[in-house]
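Read the structure below first, then the notes.
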Amino acid sequence: MDKEIRRTMPVFPMSIVQKLTGLSARQIRYYEQHQLIHPERTEGNRRMFSLNDVERLLEIKSLLDEGVNLAGIKHVLNMKPLENEHPSSRSEHPKKDLSNADVMKYLKTELIEAGKYGKSSLIQGELSRFFH
DNA sequence: TTTCTAACA
DNA sequence: TGTTAGGA
């Protein structure tokens with residue numbers, strides 16, 4: 001009953017999250033602006049991240065390396081809602097899990113669809129070759 | 001001293 | 001994305 005609260009409990013300040021994720025403060029704040037993470041705030045308006053926020057950021061970092069842009073990352077993250085979010089908005093668990101293969105499959109589909117039409121794809125750069 | 005927001009020679 | 005100004 002408190003395993004979940006542990007993952008969602010705000011415990012890390014910016015400096016720690018930077019070291020843990022290897023991302024810059026600028027990037028972390030930017031991703032928050034784009035709703036990829038929702039760290040809580042202290043009385044002094046300082047961000048406090050939970051373990052889930054950190055894991056989420058690590059996944060964002062991973063997808064970034066694979067050449068997925070923010071729009072794509074949003075989609076992937078939205079496919080696995082349970083992972084984090086606030087304890088407040090949590091009552092029942094719609095339970096779900098997404099394997100890496102599922103994500104790959106999704107990304108590949110995005111790439112193919114983008115090829116059919118114009119150019120716009122959620123996947124950028126040459127890294128998309130991993131899906132060819 | 002650390003983090004925050006806003007903005008760009 | 002980096003970096004910096006100016007404040008808390």
Side-chain angles (χ1 to χ4, degrees):
Chain A
M1 189 204 286
D2 60 353
K3 186 179 179 183
E4 282 304 312
I5 204 173
R6 286 189 188 182
R7 305 177 88 60
T8 58
M9 191 178 342
V11 288
F12 315 105
M14 257 301 262
S15 58
I16 301 301
V17 178
Q18 284 190 65
K19 291 188 174 184
L20 260 35
T21 66
L23 294 169
S24 66
R26 178 75 164 78
Q27 287 177 295
I28 296 171
R29 296 183 185 117
Y30 182 71
Y31 301 147
E32 178 188 20
Q33 285 191 297
H34 288 269
Q35 323 279 293
L36 273 48
I37 54 174
H38 310 126
E40 296 192 18
R41 297 299 183 110
T42 63
E43 300 180 339
N45 194 41
R46 267 69 221 283
R47 266 167 277 246
M48 285 303 273
F49 306 77
S50 68
L51 192 57
N52 273 319
D53 290 322
V54 174
E55 296 180 329
R56 191 138 168 133
L57 284 168
L58 286 173
E59 196 176 337
I60 291 172
K61 186 186 177 187
S62 174
L63 290 169
L64 243 32
D65 290 331
E66 292 177 41
V68 182
N69 61 195
L70 277 218
I73 292 176
K74 281 187 182 179
H75 293 183
V76 175
L77 258 36
N78 288 330
M79 278 189 254
K80 43 178 57 177
L82 178 55
E83 313 303 354
N84 68 326
E85 293 320 315
H86 316 275
S88 54
S89 64
R90 173 199 299 285
S91 56
E92 299 306 318
H93 292 183
K95 97 177 76 156
K96 74 185 40 174
D97 28 274
L98 197 61
S99 70
N100 238 344
D102 292 325
V103 177
M104 286 287 280
K105 184 177 180 180
Y106 167 71
L107 293 176
K108 184 172 183 176
T109 299
E110 281 297 331
L111 194 61
I112 293 175
E113 290 305 306
K116 285 184 179 178
Y117 307 87
K119 281 287 188 178
S120 62
S121 170
L122 296 175
I123 302 173
Q124 307 176 312
E126 347 62 42
L127 278 303
S128 59
R129 62 166 176 273
F130 289 137
F131 304 101
H132 286 169

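Note on naming: letters A, B, ... go to the chains in the order of the sequence lines (proteins, then strands), and numbering restarts at 1 for each one.
- Looking only at atom types and distance, the side chain of Ser99(A) has a donor-acceptor partner in the side chain of Asp102(A) under 3.5 Å away.
- Taking a pair to require two hydrogen-bonding distances under 3.5 Å in either a Watson-Crick or a G-U wobble arrangement, dA8(C) pairs with dT2(B).
- Gln18(A) and Ser15(A) share no donor-acceptor pair across their side chains, judged by distance under 3.5 Å alone.
- Here the C1' atom of nucleotide dG2(C) and the CG atom of Leu23(A) are 14 Å apart, to the nearest Å.
- What separates CG of Asn45(A) from C1' of dT2(B) is a distance of 13 Å, to the nearest Å.
- Spacing between atom OH of Tyr30(A) and atom C1' of dG2(C) amounts to 14 Å, rounded to whole angstrom units.
- At whole-Å resolution of the value, CE in Met14(A) and C1' in dA8(C) are 16 Å apart.
- For dA9(B), there is no paired base (Watson-Crick or G-U wobble, both distances below 3.5 Å).
- Closest to the side chain of Ser15(A), from the set dG2(C), dC4(B), dT2(B), is dT2(B).
- At least one side-chain nitrogen or oxygen of Arg41(A) sits closer than 4.0 Å to the OP1 or OP2 atom of dT5(B).
- Side-chain nitrogen and oxygen atoms of Tyr31(A) include at least one within less than 4.0 Å of the OP1 or OP2 phosphate oxygen of dT1(C).
- Salt bridge status for Lys108(A) with Glu113(A): absent, with no side-chain N to carboxylate O gap under 4.0 Å.
- Between the Lys74(A) side chain and the Leu36(A) main chain, no donor and acceptor come within less than 3.5 Å of each other.
- For the pair Val76(A) and Glu59(A), the tightest heavy-atom approach, listed with the atom from each and the gap, is CG1-OE2, 4.2 Å.
- Between Ile28(A) atom CD1 and dT5(B) atom P the separation is 13 Å, expressed in whole Å.
- Taking 3.5 Å as the limit, the base of dT2(B) and the side chain of Arg46(A) contain a donor-acceptor pair of atoms between them.
- At a cut-off of 3.5 angstrom, counting only N and O atoms as typed in the model, there is a donor on one side and an acceptor on the other between the side-chain of Arg26(A) and the base of dT3(C).
- In this structure, the CD atom of Glu32(A) is 14 Å from the P atom of dT3(B), given to the nearest Å.
- For Arg29(A), no side-chain nitrogen or oxygen approaches OP1 or OP2 of dG2(C) to under 4.0 Å.
- The 5' end of DNA chain B is approached more closely, in terms of each residue's nearest nucleotide, by Gln18(A) than by the other of Gln33(A) and Gln18(A).
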